[in-house]
Amino acid sequence: PITQFVFSSNELEQLREDVKLLEQQYEQLEEQRYISESFNEVMRDMGYHVVGSREVTKKSGRKYRNELYSFSEGTAVNVTYASNGQICVELGGIDVCDREPTDAECNVLCDEMTAFCNEFPEIEKRLLTKGVVLASRISMLPPVEEYAQIINIEAFDRKEEIENMEAVSKRRQEYKKQTMRKE
């Protein structure tokens, strides 16, 4: 928006403060953009790819951006970038609706969360080579059943199709039945 002001020493000082604030906001946005791009490059280099993304604005006005990376069959890593620079990384099963995971899915998700947690030091190391230090900026939930979740892919702008956890679980159960019959 265009701001009109009257030339005076008070107005000039206010204009300087406004410019300084805008420059700080711009620097913050550029830093967040660089971190996000670096994170995306590292994930891509490690074999993960973005399958969906979204931008969310809460009632409070806080903005979040989510990038959903493929992990294994039926699961994805959801990386949330908050407007204050915080990053939350969580793994979940994929579905096309909001729901809680079944007990069997919780077990699989805990194994997958543990696998991702084991890979995370490598992600941090690679980010460090790009000058990105996560330190207190990152939040990761522990790989326990209470954090097992299903991510509704319908809430994301999809970049490609990804198989949902229920379909993968059914296919695994069928495979187990066929294997048991052969034995």
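The shown structure was predicted, so the numbers you read here are calculated from the model rather than taken from an experiment.
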From Arg65 atom CZ to Ser53 atom OG, the distance as rounded to the nearest 0.5 Å: 8.0 Å

Candidate pair Leu128 and Val133, rule side chain to side chain contact (heavy atoms under 4.5 Å, CB included), full reasoning: CA-CA 6 Å; Leu128 194 56; Val133 180; 3.6 Å; yes

Straight-line distance of Arg33 CZ to Ser38 OG, nearest 0.5 Å: 9.0 Å

Leu15 and Glu11, any side-chain heavy atoms less than 4.5 Å apart: no

Flag if over 12 foreign heavy atoms under 6.0 Å of CD, Glu17: yes

Heavy-atom closest contact (Pro121 atom, Cys117 atom, distance): CD-O, 3.3 Å

Which atom of Val96 lies closest to which atom of Glu154, heavy atoms considered: O-CG, 3.3 Å

Co-membership, hydrophobic cluster, residues Tyr64 and Ile87, 4.5 Å side-chain: no

Heavy atoms of other groups near Lys63 NZ, more than 12 under 6.0 Å: no

Backbone of Glu105 reached by a side-chain donor or acceptor of Thr102 within 3.5 Å: yes

Basic-acidic side-chain contact under 4.0 Å: Lys20, Glu23: no

Donor on one side chain, acceptor on other, Asn10 and Gln14, under 3.5 Å: no

CG on Leu127 to CZ on Phe120, rounded to 0.5 Å: 7.0 Å

Distance in Å, Glu67 CD paired with Arg54 CZ, rounded so as to fall on 0.5 Å steps: 11.0 Å

Considering all heavy atoms, the nearest Leu109-Pro101 contact: CD1-CB, 4.1 Å

Nearest-0.5 Å distance that lies between atom OH in Tyr81 and atom CD in Gln32: 11.0 Å

Any Val89 side-chain heavy atom under 4.5 Å of Phe116 side chain: yes

With Leu68, the side-chain contact (heavy atoms from CB on, under 4.5 Å) member among Val50, Ile151, Thr80: Ile151

Validation row: Asn107, Glu145 side chains within 4.5 angstrom (heavy atoms): yes

Within 6.0 angstrom of Asp103 CG, more than 12 heavy atoms from elsewhere: no

Minimum-distance pair of heavy atoms, taken over all atoms of Ala148 and Cys106: CB-SG, 3.8 Å

Rounded distance (nearest 0.5 Å) linking atom CE of Met46 with atom CD of Glu122: 5.0 Å

Close side-chain approach of Glu37 to Asn40, heavy-atom, < 4.5 Å: no

Parallel, tilted or perpendicular: ring planes of Phe39 versus Tyr69, cut at 30 and 60 degrees: tilted

Heavy-atom check, side chain of Phe156 versus side chain of Ile94, under 4.5 Å: no

Heavy-atom closest contact (Pro143 atom, Thr114 atom, distance): CB-OG1, 3.6 Å

Contact summary for Met113 and Val144, nearest pair of heavy atoms: CE-O, 3.5 Å

